[in-house]
Amino acid sequence: MRSRSILAALVCAAVGLSHAAPTAEPDPKFAVSGLVGFGRIPSNFRESTGDTFGGAGSAIYIKRGSFKKTSNGTFTGTLIMQPDRGFNVITTIDYRTRQFVVDFSLQPYYGDADLSFSDAQETLSLKYRSTLLYTERDGKKPTGLEPLGVRAKDGRAGIQPEADPAMPIASASDNRLSIDAEGLAINPDGTWWTSDEAGPYIYKFNSGGFLLQTIQPPQAFLPLNNGSLNFTEAVDPQTGRAGNKGFEGLTISPTGDKLFALLQSATVQDGGSDKSTSRFTRMVGYDIPPANEELNIEPTLFGEWVVPLPVNSKQNTLAQSEFHYLTDTTFFVLSRDANGGGGSPSTSSYKQADLFDISGATNIRGTKFDNPKNPVFSNGVLDPSITPATYVPFVNFLDPVQLARFGLHNGNPTGSQLIDSKFESLALAPVNDPKFPNDYFLFTASDNDFISTQGFFDGVPFSGGEDIDTQILVFRVTLPNVAPGSIEQAISI
(Lines give C-alpha, C1' and ligand atoms only; values in the text may rest on other atoms or scores of the structure.)
Protein backbone atom coordinates (compact mmCIF):
# COMPACT_ATOMS: atom_id res chain seq x y z
CA MET A 1 0.00 0.00 0.00
CA ARG A 2 1.43 3.38 -0.97
CA SER A 3 1.76 5.80 1.91
CA ARG A 4 0.67 9.40 1.56
CA SER A 5 4.22 10.71 1.78
CA ILE A 6 5.54 8.30 -0.84
CA LEU A 7 2.99 9.45 -3.45
CA ALA A 8 3.98 13.06 -2.92
CA ALA A 9 7.65 12.18 -3.14
CA LEU A 10 7.16 10.25 -6.38
CA VAL A 11 5.79 13.26 -8.22
CA CYS A 12 8.47 15.23 -10.04
CA ALA A 13 7.79 18.87 -9.57
CA ALA A 14 5.59 19.00 -12.53
CA VAL A 15 6.77 21.34 -11.96
CA GLY A 16 9.85 20.99 -14.11
CA LEU A 17 8.28 20.60 -17.50
CA SER A 18 10.63 19.55 -20.30
CA HIS A 19 9.15 19.38 -23.79
CA ALA A 20 11.95 17.26 -25.23
CA ALA A 21 11.36 13.57 -25.78
CA PRO A 22 13.08 11.54 -23.04
CA THR A 23 16.63 10.50 -23.93
CA ALA A 24 17.98 9.20 -20.63
CA GLU A 25 17.08 6.08 -18.70
CA PRO A 26 13.46 5.90 -17.50
CA ASP A 27 12.76 8.06 -14.44
CA PRO A 28 11.07 6.06 -11.66
CA LYS A 29 9.02 9.14 -10.71
CA PHE A 30 5.91 10.74 -12.09
CA ALA A 31 7.04 13.30 -14.66
CA VAL A 32 5.81 15.53 -17.48
CA SER A 33 7.73 15.74 -20.75
CA GLY A 34 5.47 18.55 -21.92
CA LEU A 35 2.80 19.47 -24.45
CA VAL A 36 3.24 17.41 -27.64
CA GLY A 37 0.02 17.93 -29.61
CA PHE A 38 -2.77 20.42 -30.26
CA GLY A 39 -5.91 20.33 -32.38
CA ARG A 40 -9.20 22.15 -32.64
CA ILE A 41 -12.68 21.89 -34.13
CA PRO A 42 -14.09 25.28 -35.23
CA SER A 43 -17.04 26.72 -33.32
CA ASN A 44 -19.20 26.92 -36.46
CA PHE A 45 -18.79 23.24 -37.44
CA ARG A 46 -22.09 21.38 -37.76
CA GLU A 47 -22.49 17.67 -37.08
CA SER A 48 -24.63 15.18 -39.01
CA THR A 49 -27.91 16.14 -37.29
CA GLY A 50 -27.45 19.70 -38.53
CA ASP A 51 -26.81 21.00 -35.02
CA THR A 52 -23.66 22.87 -34.05
CA PHE A 53 -20.87 20.58 -32.88
CA GLY A 54 -20.16 21.70 -29.34
CA GLY A 55 -19.72 20.77 -25.72
CA ALA A 56 -17.70 17.79 -26.90
CA GLY A 57 -14.98 18.11 -24.28
CA SER A 58 -17.42 17.36 -21.47
CA ALA A 59 -16.26 13.74 -21.70
CA ILE A 60 -13.94 11.81 -24.01
CA TYR A 61 -12.89 8.19 -24.34
CA ILE A 62 -10.51 6.59 -26.81
CA LYS A 63 -12.54 4.01 -28.69
CA ARG A 64 -11.48 0.49 -27.80
CA GLY A 65 -9.32 -1.11 -30.47
CA SER A 66 -8.77 2.13 -32.40
CA PHE A 67 -5.40 3.37 -31.08
CA LYS A 68 -2.41 2.40 -33.25
CA LYS A 69 1.16 3.48 -33.87
CA THR A 70 2.18 3.70 -37.52
CA SER A 71 5.59 2.98 -39.00
CA ASN A 72 6.38 6.70 -39.37
CA GLY A 73 5.83 7.44 -35.66
CA THR A 74 2.31 8.85 -36.06
CA PHE A 75 -0.48 7.62 -33.77
CA THR A 76 -4.05 7.20 -35.00
CA GLY A 77 -7.28 6.48 -33.18
CA THR A 78 -10.86 7.50 -32.56
CA LEU A 79 -12.28 9.68 -29.82
CA ILE A 80 -15.78 9.17 -28.48
CA MET A 81 -16.85 12.63 -27.31
CA GLN A 82 -19.97 13.20 -25.21
CA PRO A 83 -21.40 16.76 -25.02
CA ASP A 84 -23.58 17.96 -22.17
CA ARG A 85 -27.01 19.53 -22.65
CA GLY A 86 -26.55 21.97 -25.51
CA PHE A 87 -26.35 25.74 -25.85
CA ASN A 88 -27.85 26.85 -22.55
CA VAL A 89 -26.23 30.19 -21.80
CA ILE A 90 -29.69 31.82 -21.58
CA THR A 91 -31.85 28.83 -20.67
CA THR A 92 -31.78 25.06 -21.07
CA ILE A 93 -32.95 23.63 -24.39
CA ASP A 94 -34.48 20.39 -25.67
CA TYR A 95 -31.10 18.96 -26.68
CA ARG A 96 -31.08 15.20 -27.08
CA THR A 97 -28.21 13.43 -25.31
CA ARG A 98 -25.64 12.11 -27.80
CA GLN A 99 -22.03 11.29 -28.53
CA PHE A 100 -19.72 12.21 -31.38
CA VAL A 101 -17.18 9.98 -33.15
CA VAL A 102 -14.01 11.85 -34.12
CA ASP A 103 -10.92 10.28 -35.72
CA PHE A 104 -7.51 11.70 -34.86
CA SER A 105 -3.93 11.50 -36.08
CA LEU A 106 -1.26 12.50 -33.57
CA GLN A 107 2.22 13.44 -34.74
CA PRO A 108 3.96 14.42 -31.49
CA TYR A 109 6.10 17.55 -31.59
CA TYR A 110 9.16 17.61 -29.32
CA GLY A 111 11.04 20.54 -30.88
CA ASP A 112 12.26 23.68 -29.16
CA ALA A 113 11.01 26.18 -31.73
CA ASP A 114 7.59 27.81 -31.39
CA LEU A 115 5.26 26.56 -34.11
CA SER A 116 2.89 28.85 -35.95
CA PHE A 117 -0.72 28.36 -34.90
CA SER A 118 -1.45 26.76 -38.28
CA ASP A 119 1.48 24.33 -38.07
CA ALA A 120 0.62 23.48 -34.46
CA GLN A 121 -2.72 22.07 -35.57
CA GLU A 122 -0.92 19.61 -37.84
CA THR A 123 0.31 17.80 -34.71
CA LEU A 124 -3.23 16.60 -33.95
CA SER A 125 -5.48 16.29 -36.99
CA LEU A 126 -9.18 15.76 -36.22
CA LYS A 127 -11.96 14.46 -38.46
CA TYR A 128 -15.58 14.20 -37.37
CA ARG A 129 -17.23 10.93 -38.40
CA SER A 130 -20.72 10.56 -36.94
CA THR A 131 -23.22 11.19 -34.15
CA LEU A 132 -25.05 8.61 -32.04
CA LEU A 133 -28.27 9.75 -30.35
CA TYR A 134 -29.30 8.32 -26.98
CA THR A 135 -32.71 6.78 -26.25
CA GLU A 136 -34.38 6.20 -22.87
CA ARG A 137 -37.32 4.09 -21.70
CA ASP A 138 -40.13 3.29 -24.16
CA GLY A 139 -38.14 4.73 -27.06
CA LYS A 140 -38.36 8.30 -25.75
CA LYS A 141 -35.71 10.93 -26.49
CA PRO A 142 -33.87 12.18 -23.40
CA THR A 143 -33.70 15.95 -23.12
CA GLY A 144 -31.38 18.66 -21.88
CA LEU A 145 -34.25 20.68 -20.40
CA GLU A 146 -34.07 21.65 -16.74
CA PRO A 147 -35.42 18.72 -14.65
CA LEU A 148 -38.50 20.23 -13.00
CA GLY A 149 -40.32 16.97 -12.37
CA VAL A 150 -39.86 13.51 -10.88
CA ARG A 151 -40.81 10.24 -12.54
CA ALA A 152 -42.02 7.78 -9.93
CA LYS A 153 -39.75 4.95 -8.86
CA ASP A 154 -40.31 1.65 -10.63
CA GLY A 155 -41.86 -0.73 -8.11
CA ARG A 156 -39.28 -3.37 -9.01
CA ALA A 157 -36.34 -1.10 -8.15
CA GLY A 158 -33.93 -2.88 -5.83
CA ILE A 159 -35.16 -6.24 -7.10
CA GLN A 160 -34.64 -6.04 -10.86
CA PRO A 161 -31.40 -4.34 -12.01
CA GLU A 162 -33.10 -2.70 -14.97
CA ALA A 163 -35.82 -1.09 -12.80
CA ASP A 164 -35.27 2.64 -12.35
CA PRO A 165 -35.29 4.68 -9.14
CA ALA A 166 -37.19 7.98 -9.11
CA MET A 167 -35.91 9.80 -12.19
CA PRO A 168 -35.39 13.47 -13.17
CA ILE A 169 -37.80 14.50 -15.94
CA ALA A 170 -38.45 17.74 -17.79
CA SER A 171 -41.75 18.47 -16.02
CA ALA A 172 -44.93 16.89 -14.75
CA SER A 173 -46.38 17.22 -18.25
CA ASP A 174 -43.19 16.13 -20.08
CA ASN A 175 -42.19 12.69 -18.81
CA ARG A 176 -38.90 12.44 -20.72
CA LEU A 177 -35.70 11.79 -18.84
CA SER A 178 -33.64 14.95 -18.36
CA ILE A 179 -29.89 14.27 -18.63
CA ASP A 180 -27.08 16.75 -18.06
CA ALA A 181 -24.41 14.36 -19.33
CA GLU A 182 -20.88 14.70 -17.96
CA GLY A 183 -18.75 11.55 -17.45
CA LEU A 184 -18.27 8.68 -19.91
CA ALA A 185 -16.84 5.20 -19.25
CA ILE A 186 -16.95 2.50 -21.92
CA ASN A 187 -17.17 -1.18 -21.01
CA PRO A 188 -15.23 -3.95 -22.78
CA ASP A 189 -18.52 -5.29 -24.22
CA GLY A 190 -19.34 -2.00 -25.97
CA THR A 191 -21.93 -0.80 -23.46
CA TRP A 192 -21.11 2.39 -21.58
CA TRP A 193 -21.86 4.40 -18.46
CA THR A 194 -22.81 8.10 -18.50
CA SER A 195 -22.82 10.17 -15.31
CA ASP A 196 -25.01 13.24 -14.98
CA GLU A 197 -25.30 16.34 -12.86
CA ALA A 198 -28.99 16.27 -11.95
CA GLY A 199 -29.45 12.91 -10.21
CA PRO A 200 -26.64 12.71 -9.63
CA TYR A 201 -27.05 9.35 -11.37
CA ILE A 202 -25.02 6.97 -13.51
CA TYR A 203 -26.78 5.54 -16.56
CA LYS A 204 -25.83 2.45 -18.52
CA PHE A 205 -26.52 2.36 -22.28
CA ASN A 206 -26.14 -0.41 -24.83
CA SER A 207 -23.99 -0.02 -27.94
CA GLY A 208 -26.97 1.41 -29.82
CA GLY A 209 -27.52 4.15 -27.24
CA PHE A 210 -30.56 2.65 -25.45
CA LEU A 211 -30.87 3.01 -21.67
CA LEU A 212 -30.32 -0.26 -19.80
CA GLN A 213 -29.78 0.57 -16.15
CA THR A 214 -29.58 3.38 -13.58
CA ILE A 215 -27.34 3.65 -10.52
CA GLN A 216 -28.62 5.83 -7.69
CA PRO A 217 -25.97 6.83 -5.11
CA PRO A 218 -26.49 6.95 -1.31
CA GLN A 219 -28.98 9.41 0.16
CA ALA A 220 -26.27 11.90 1.15
CA PHE A 221 -25.68 12.59 -2.58
CA LEU A 222 -29.35 13.05 -3.57
CA PRO A 223 -30.89 16.54 -3.95
CA LEU A 224 -33.48 16.65 -1.18
CA ASN A 225 -35.85 19.33 0.04
CA ASN A 226 -37.72 18.34 3.20
CA GLY A 227 -36.81 14.74 2.47
CA SER A 228 -38.21 14.75 -1.09
CA LEU A 229 -36.27 14.65 -4.35
CA ASN A 230 -35.97 17.95 -6.20
CA PHE A 231 -33.74 17.57 -9.26
CA THR A 232 -33.67 21.17 -10.44
CA GLU A 233 -30.13 22.44 -11.02
CA ALA A 234 -31.05 26.13 -10.99
CA VAL A 235 -30.89 26.37 -7.19
CA ASP A 236 -29.27 24.32 -4.45
CA PRO A 237 -31.35 21.76 -2.56
CA GLN A 238 -31.32 21.62 1.24
CA THR A 239 -28.99 18.61 1.14
CA GLY A 240 -27.21 16.51 -1.47
CA ARG A 241 -25.28 17.56 -4.55
CA ALA A 242 -25.19 21.30 -5.12
CA GLY A 243 -26.96 22.75 -8.17
CA ASN A 244 -25.13 21.92 -11.42
CA LYS A 245 -22.40 20.14 -9.43
CA GLY A 246 -23.28 16.47 -9.67
CA PHE A 247 -21.19 13.55 -10.96
CA GLU A 248 -18.87 15.60 -13.14
CA GLY A 249 -16.27 12.82 -13.07
CA LEU A 250 -16.62 9.16 -14.06
CA THR A 251 -13.95 6.52 -14.69
CA ILE A 252 -13.64 2.77 -15.01
CA SER A 253 -10.91 0.21 -14.44
CA PRO A 254 -9.29 -1.32 -17.56
CA THR A 255 -11.08 -4.64 -17.00
CA GLY A 256 -14.42 -2.92 -16.50
CA ASP A 257 -14.98 -4.42 -13.05
CA LYS A 258 -14.75 -1.19 -11.01
CA LEU A 259 -16.59 2.07 -11.68
CA PHE A 260 -15.89 5.34 -9.84
CA ALA A 261 -17.80 8.64 -9.80
CA LEU A 262 -16.76 11.97 -8.28
CA LEU A 263 -18.89 15.01 -7.41
CA GLN A 264 -17.75 18.30 -8.92
CA SER A 265 -17.40 19.75 -5.40
CA ALA A 266 -18.89 19.24 -1.95
CA THR A 267 -22.49 18.33 -1.19
CA VAL A 268 -24.64 21.10 0.28
CA GLN A 269 -24.44 19.67 3.80
CA ASP A 270 -20.64 19.52 3.44
CA GLY A 271 -20.37 23.21 2.50
CA GLY A 272 -21.13 22.96 -1.21
CA SER A 273 -23.29 26.09 -1.44
CA ASP A 274 -20.28 28.40 -1.12
CA LYS A 275 -16.96 28.26 -2.98
CA SER A 276 -15.11 29.10 0.22
CA THR A 277 -16.34 25.91 1.92
CA SER A 278 -16.90 23.44 -0.95
CA ARG A 279 -13.44 21.87 -1.02
CA PHE A 280 -14.21 18.42 0.43
CA THR A 281 -16.02 16.50 -2.29
CA ARG A 282 -17.12 12.84 -2.29
CA MET A 283 -16.28 9.86 -4.49
CA VAL A 284 -18.04 6.50 -4.80
CA GLY A 285 -16.79 3.17 -6.12
CA TYR A 286 -18.90 0.29 -7.48
CA ASP A 287 -18.05 -3.31 -8.25
CA ILE A 288 -19.40 -4.07 -11.72
CA PRO A 289 -20.05 -7.80 -12.31
CA PRO A 290 -19.29 -9.26 -15.74
CA ALA A 291 -22.24 -8.61 -18.02
CA ASN A 292 -23.26 -8.03 -21.61
CA GLU A 293 -25.95 -6.13 -23.45
CA GLU A 294 -28.54 -8.80 -22.67
CA LEU A 295 -27.65 -9.21 -18.98
CA ASN A 296 -27.69 -6.49 -16.34
CA ILE A 297 -26.47 -7.22 -12.84
CA GLU A 298 -26.85 -4.82 -9.94
CA PRO A 299 -23.57 -2.98 -9.22
CA THR A 300 -22.37 -3.12 -5.60
CA LEU A 301 -21.20 -0.02 -3.77
CA PHE A 302 -17.87 -0.93 -2.18
CA GLY A 303 -16.47 2.44 -1.19
CA GLU A 304 -16.95 6.14 -0.53
CA TRP A 305 -14.14 8.58 0.09
CA VAL A 306 -13.58 12.28 0.72
CA VAL A 307 -11.32 14.06 -1.77
CA PRO A 308 -9.86 17.50 -0.93
CA LEU A 309 -9.86 19.82 -3.94
CA PRO A 310 -7.35 22.65 -4.43
CA VAL A 311 -8.17 26.28 -3.60
CA ASN A 312 -7.10 29.55 -5.22
CA SER A 313 -5.38 32.53 -3.61
CA LYS A 314 -8.73 33.66 -2.19
CA GLN A 315 -9.26 30.20 -0.65
CA ASN A 316 -12.12 29.45 -3.04
CA THR A 317 -12.47 25.89 -4.27
CA LEU A 318 -11.20 24.97 -7.72
CA ALA A 319 -13.85 22.40 -8.62
CA GLN A 320 -12.98 19.25 -10.54
CA SER A 321 -14.24 18.60 -14.07
CA GLU A 322 -13.07 15.01 -14.66
CA PHE A 323 -10.98 12.23 -13.23
CA HIS A 324 -9.33 9.13 -14.66
CA TYR A 325 -8.39 5.73 -13.27
CA LEU A 326 -4.68 4.86 -12.91
CA THR A 327 -4.83 2.13 -10.26
CA ASP A 328 -7.46 0.99 -7.77
CA THR A 329 -6.24 3.74 -5.43
CA THR A 330 -4.67 6.41 -7.65
CA PHE A 331 -6.43 8.76 -10.07
CA PHE A 332 -5.86 11.73 -12.32
CA VAL A 333 -8.19 14.65 -11.51
CA LEU A 334 -8.75 17.79 -13.62
CA SER A 335 -9.27 20.84 -11.41
CA ARG A 336 -9.53 24.36 -12.81
CA ASP A 337 -10.86 27.87 -12.64
CA ALA A 338 -13.42 29.19 -15.16
CA ASN A 339 -11.13 31.75 -16.81
CA GLY A 340 -9.85 31.76 -20.40
CA GLY A 341 -11.57 31.58 -23.77
CA GLY A 342 -15.33 31.70 -23.21
CA GLY A 343 -14.86 32.75 -19.59
CA SER A 344 -14.05 35.95 -17.77
CA PRO A 345 -11.44 37.18 -17.17
CA SER A 346 -9.32 35.84 -20.02
CA THR A 347 -6.33 35.07 -17.79
CA SER A 348 -6.50 31.71 -16.06
CA SER A 349 -4.53 30.85 -12.94
CA TYR A 350 -5.25 27.13 -12.52
CA LYS A 351 -5.95 24.34 -15.01
CA GLN A 352 -4.27 21.10 -14.08
CA ALA A 353 -4.43 17.33 -14.31
CA ASP A 354 -3.44 16.50 -10.74
CA LEU A 355 -3.22 13.23 -8.82
CA PHE A 356 -4.97 11.88 -5.76
CA ASP A 357 -4.54 8.66 -3.79
CA ILE A 358 -7.17 6.98 -1.58
CA SER A 359 -4.97 4.18 -0.20
CA GLY A 360 -4.74 5.93 3.16
CA ALA A 361 -8.20 7.53 3.06
CA THR A 362 -11.17 6.54 5.22
CA ASN A 363 -13.85 4.47 3.51
CA ILE A 364 -17.11 6.00 4.78
CA ARG A 365 -19.44 3.61 2.92
CA GLY A 366 -22.31 2.49 5.11
CA THR A 367 -21.49 4.93 7.91
CA LYS A 368 -23.52 7.75 9.41
CA PHE A 369 -22.22 10.04 6.65
CA ASP A 370 -24.58 8.39 4.14
CA ASN A 371 -27.32 10.23 6.01
CA PRO A 372 -27.36 13.91 4.93
CA LYS A 373 -27.90 14.93 8.56
CA ASN A 374 -24.26 14.01 9.19
CA PRO A 375 -21.87 16.19 7.15
CA VAL A 376 -18.23 15.27 6.68
CA PHE A 377 -17.29 18.96 6.91
CA SER A 378 -18.97 21.47 9.20
CA ASN A 379 -18.10 24.85 10.70
CA GLY A 380 -14.79 24.89 8.86
CA VAL A 381 -13.64 21.53 10.20
CA LEU A 382 -13.39 18.09 8.57
CA ASP A 383 -14.84 15.40 10.83
CA PRO A 384 -11.87 14.06 12.86
CA SER A 385 -12.84 10.44 12.13
CA ILE A 386 -12.15 10.99 8.41
CA THR A 387 -8.81 10.90 6.64
CA PRO A 388 -9.25 12.39 3.14
CA ALA A 389 -7.43 11.35 -0.01
CA THR A 390 -3.93 12.67 -0.68
CA TYR A 391 -3.95 15.35 -3.41
CA VAL A 392 -0.80 16.25 -5.37
CA PRO A 393 -0.40 18.85 -8.19
CA PHE A 394 0.92 17.44 -11.48
CA VAL A 395 0.32 18.59 -15.09
CA ASN A 396 -0.03 22.35 -15.53
CA PHE A 397 -2.00 23.21 -18.70
CA LEU A 398 -1.01 26.90 -18.43
CA ASP A 399 2.78 26.70 -18.67
CA PRO A 400 3.53 29.70 -20.94
CA VAL A 401 6.54 28.09 -22.63
CA GLN A 402 4.53 25.00 -23.53
CA LEU A 403 1.57 27.00 -24.83
CA ALA A 404 3.82 29.25 -26.93
CA ARG A 405 5.34 26.20 -28.67
CA PHE A 406 1.87 25.57 -30.15
CA GLY A 407 0.88 29.17 -30.88
CA LEU A 408 -1.32 29.40 -27.79
CA HIS A 409 -1.37 31.82 -24.88
CA ASN A 410 -3.08 32.55 -21.56
CA GLY A 411 -4.79 35.95 -21.19
CA ASN A 412 -5.48 38.69 -23.72
CA PRO A 413 -5.80 38.98 -26.64
CA THR A 414 -8.93 36.87 -27.05
CA GLY A 415 -9.45 34.68 -30.11
CA SER A 416 -8.70 31.14 -31.26
CA GLN A 417 -5.20 31.16 -29.78
CA LEU A 418 -6.40 31.89 -26.26
CA ILE A 419 -6.57 28.72 -24.18
CA ASP A 420 -10.19 27.76 -23.50
CA SER A 421 -11.69 28.20 -20.05
CA LYS A 422 -13.41 24.85 -19.61
CA PHE A 423 -11.20 21.80 -20.09
CA GLU A 424 -13.36 18.96 -18.79
CA SER A 425 -12.06 15.58 -19.95
CA LEU A 426 -9.12 13.20 -19.79
CA ALA A 427 -8.01 10.13 -21.77
CA LEU A 428 -4.81 8.09 -21.78
CA ALA A 429 -2.98 6.16 -24.50
CA PRO A 430 0.41 4.38 -24.45
CA VAL A 431 3.44 5.96 -26.12
CA ASN A 432 4.65 2.43 -26.94
CA ASP A 433 8.29 3.35 -26.50
CA PRO A 434 10.18 0.26 -25.25
CA LYS A 435 12.87 2.51 -23.75
CA PHE A 436 10.22 4.35 -21.73
CA PRO A 437 7.47 1.83 -20.98
CA ASN A 438 5.91 4.09 -18.32
CA ASP A 439 5.23 6.95 -20.75
CA TYR A 440 1.71 7.81 -21.89
CA PHE A 441 -0.15 10.44 -23.89
CA LEU A 442 -2.65 12.42 -21.83
CA PHE A 443 -5.48 13.89 -23.92
CA THR A 444 -7.70 16.68 -22.59
CA ALA A 445 -10.50 18.49 -24.45
CA SER A 446 -12.49 21.65 -23.79
CA ASP A 447 -16.21 22.16 -23.44
CA ASN A 448 -16.88 25.28 -25.51
CA ASP A 449 -20.49 25.53 -24.30
CA PHE A 450 -21.59 25.58 -27.98
CA ILE A 451 -20.55 29.25 -28.11
CA SER A 452 -20.56 30.39 -31.73
CA THR A 453 -21.75 33.40 -33.68
CA GLN A 454 -22.95 30.96 -36.35
CA GLY A 455 -24.69 28.38 -34.16
CA PHE A 456 -27.57 26.12 -35.19
CA PHE A 457 -29.96 24.01 -33.15
CA ASP A 458 -32.95 22.14 -34.55
CA GLY A 459 -32.69 24.17 -37.77
CA VAL A 460 -32.76 27.52 -36.00
CA PRO A 461 -29.68 29.80 -35.93
CA PHE A 462 -28.36 31.20 -32.66
CA SER A 463 -25.44 33.36 -31.60
CA GLY A 464 -23.38 33.06 -28.45
CA GLY A 465 -21.79 36.45 -29.05
CA GLU A 466 -18.29 35.10 -29.77
CA ASP A 467 -16.57 32.09 -31.30
CA ILE A 468 -15.02 29.51 -28.96
CA ASP A 469 -13.50 26.47 -30.67
CA THR A 470 -13.23 23.00 -29.18
CA GLN A 471 -9.56 22.62 -28.23
CA ILE A 472 -7.67 19.37 -27.55
CA LEU A 473 -4.27 19.27 -25.87
CA VAL A 474 -1.99 16.21 -25.68
CA PHE A 475 0.76 15.89 -23.08
CA ARG A 476 3.42 13.22 -22.65
CA VAL A 477 3.66 12.00 -19.06
CA THR A 478 5.48 9.31 -17.07
CA LEU A 479 3.27 7.20 -14.77
CA PRO A 480 5.41 4.67 -12.88
CA ASN A 481 2.61 3.19 -10.78
CA VAL A 482 0.41 2.07 -13.68
CA ALA A 483 0.40 -1.68 -14.14
CA PRO A 484 2.17 -2.67 -17.39
CA GLY A 485 -0.36 -3.17 -20.16
CA SER A 486 -3.32 -1.81 -18.20
CA ILE A 487 -3.76 1.36 -20.27
CA GLU A 488 -3.45 -0.73 -23.42
CA GLN A 489 -6.13 -3.05 -22.01
CA ALA A 490 -8.40 -0.10 -21.23
CA ILE A 491 -8.57 0.92 -24.89
CA SER A 492 -8.39 -2.54 -26.48
CA ILE A 493 -11.33 -4.56 -27.70
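Everything numeric here is computed off the predicted structure, so don't read it as measured data.
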- Query: Would Tyr203 and Gln213 count as a side-chain hydrogen bond (donor to acceptor under 3.5 Å, both in side chains) if you check the C-alpha gap in whole Å, the side-chain angles of each, and the deciding distance to 0.1 Å?
  - Reply: CA-CA 6 Å; Tyr203 300 110; Gln213 191 174 8; over 6 Å; no
- Please test Tyr440 against Thr478 for side-chain hydrogen bond (donor to acceptor under 3.5 Å, both in side chains), starting from the C-alpha separation and ending with a verdict. CA-CA 6 Å; Tyr440 299 90; Thr478 302; over 6 Å; no
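- More than 12 heavy-atom neighbours from other residues, nucleotides or ligands sit within 6.0 angstrom of NZ on Lys140.
- In this structure a side-chain-to-backbone donor-acceptor pair under 3.5 Å is present from Gln238 to Asn226.
- Here the straight-line distance linking atom CG of Asp433 with atom CG of Asn438 works out to 11.0 Å at 0.5 Å rounding.
- Proximity of a side-chain donor or acceptor of Asp196 to a complementary backbone N or O of Gly199 within less than 3.5 Å is detected.
- Taking a cutoff of 4.0 Å between a charged side-chain nitrogen and a carboxylate oxygen, Arg365 and Asp370 do not qualify as a salt bridge.
- For Ser178 (side chain) and Leu145 (main-chain N/O), a donor-acceptor pair under 3.5 Å exists by modelled atom type.
- Remark: the backbone N or O of Val376 is paired with a side-chain donor or acceptor of Asp270 at under 3.5 angstrom.
- Considering Lys141, Arg176, Arg151 in turn, Arg151 is the only one that fulfils the side chain to side chain donor-acceptor pair (under 3.5 Å) rule with Glu136.
- At least one donor-acceptor pair closer than 3.5 Å links the side chain of Ser425 to the backbone N or O of Gly57.
- The ring of Phe260 has its center closer than 6.0 angstrom to the ring center of Phe331.
- Taking the six-membered ring where the residue is Trp, Phe221 and Phe247 present tilted rings, their angle falling between 30° and 60°.
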- Item | Worked check of side-chain hydrogen bond (donor to acceptor under 3.5 Å, both in side chains) between Ser273 and Asp236 | CA-CA 7 Å; Ser273 290; Asp236 288 342; 3.0 Å; yes
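- Remark: Tyr350 OH is packed, more than 12 non-hydrogen atoms of other residues, nucleotides or ligands lying under 6.0 Å away.
- Using a 30° and 60° split on the angle between ring planes, Phe323 and Phe356 fall in the parallel class, below 30°.
- By the 4.5 Å heavy-atom criterion applied to side chains, Ile252 and Tyr325 are not counted as neighbours.
- Judged by distance alone, the side chain of Ser253 and the main-chain N or O of Asp257 form a donor-acceptor pair under 3.5 Å.
- For the residue pair Ala198 and Pro223, the shortest heavy atom distance occurs at O-CG, 3.8 Å.
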- Should Phe450 and Tyr95 be marked as a ring pair (Phe, Tyr, Trp, His ring centres under 6.0 Å) after you check the CA-CA gap, both sets of side-chain angles, and the distance that decides it? CA-CA 12 Å; Phe450 297 80; Tyr95 185 80; 5.2 Å; yes
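- With rounding to the nearest 0.5 Å, the separation of CD1 in Ile288 from CD in Glu298 is 9.5 Å.
- Remark: Asn481 CG to Leu326 CG distance equals 6.0 Å, nearest 0.5 Å.
- Between Phe443 and Phe104, a ring centre-to-centre spacing shorter than 6.0 Å is recorded.
- Between Leu301 and Pro218 there is a side-chain heavy-atom pair separated by less than 4.5 Å.
- A donor-acceptor pair shorter than 3.5 Å cannot be found between the side chains of Gln320 and Ser265.
- Side-chain atoms of Leu262 and Val307, non-hydrogen and from C-beta on, do get closer than 4.5 Å to each other.
- Using a 4.5 Å heavy-atom cutoff, the side chains of Pro254 and Ile487 are not in contact.
- With a 4.5 Å cut-off on side-chain heavy atoms, Asn230 and Leu224 do not count as touching.
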- salt bridge (charged side-chain N to carboxylate O under 4.0 Å, His left out) between Arg476 and Asp439: does it pass, once the steps are laid out? CA-CA 7 Å; Arg476 180 166 173 165; Asp439 279 16; 3.0 Å; yes
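- With a 4.5 Å cut-off on side-chain heavy atoms, Tyr391 and Asp357 do not count as touching.
- Checked for salt-bridge contact, Lys245 and Glu233 miss the test: no charged N lies under 4.0 Å from a carboxylate O.
- Under 3.5 Å, the side chains of Thr214 and Asp164 contain a donor-acceptor pair of N or O atoms.
- A donor-acceptor contact closer than 3.5 angstrom links the side chains of Asp189 and Thr191.
- A donor-acceptor distance shorter than 3.5 angstrom exists from the side chain of Lys351 to the backbone of Asn339, with no hydrogens or angles considered.
- With hydrogens and angles left out, the side-chain atoms of Trp305 and Asn363 include no donor and acceptor closer than 3.5 Å.
- Smallest separation of non-hydrogen atoms from Phe280 and Pro308: CE2-CB, 3.8 Å.
- Side-chain atoms of Gln264 never come within 3.5 Å of backbone atoms of Gly246 as a donor-acceptor pair (strictly under, hydrogens ignored).
- Note that the CZ atom of Phe369 and the OG1 atom of Thr362 stand 8.5 Å from one another [nearest 0.5 Å].
- Val333 places none of its side-chain heavy atoms less than 4.5 Å from the side chain of Glu322.
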- Please step through side-chain hydrogen bond (donor to acceptor under 3.5 Å, both in side chains) for the pair Thr194 and Gln82, ending with a clear verdict. CA-CA 9 Å; Thr194 290; Gln82 179 182 264; 2.7 Å; yes
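- Counting only heavy atoms from C-beta outward, the side chains of Leu106 and Val474 approach each other to under 4.5 Å.
- Taking CD1 from Ile358 and OG1 from Thr329, the interatomic distance works out to 6.5 Å, rounded to the nearest 0.5 Å.
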- Query: Going through the distances and angles, do Arg85 and Glu197 end up as a salt bridge (charged side-chain N to carboxylate O under 4.0 Å, His left out)?
  - Reply: CA-CA 10 Å; Arg85 53 179 175 171; Glu197 299 259 45; over 6 Å; no
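- Between the OG atom of Ser385 and the NZ atom of Lys368 there is a distance of 6.0 Å, given to the nearest 0.5 Å.
- For Lys63, the side chain to side chain contact (heavy atoms under 4.5 Å, CB included) partners at least two apart in sequence or on another chain are Ser66, Thr78, Ile80.
- Between Tyr134 and Trp192, the ring planes lie tilted relative to each other; the angle falls in the 30° to 60° range.
- Residues passing the side-chain hydrogen bond (donor to acceptor under 3.5 Å, both in side chains) test with Thr317 are Ser278, sequence neighbours excluded.
- For Tyr286 and Phe302, the distance between ring centers is not under 6.0 angstrom.
- Side chain of Asp354 to main chain of Phe394: a donor-acceptor pair is present (N/O by atom type, distance under 3.5 Å, no hydrogens or angles).
- With Ser321 contributing its side chain and Glu424 its backbone, the two residues share no donor-acceptor pair below 3.5 Å.
- Using modelled atom types and a 3.5 Å distance limit, the side chains of Arg96 and Thr135 yield a donor-acceptor pair.
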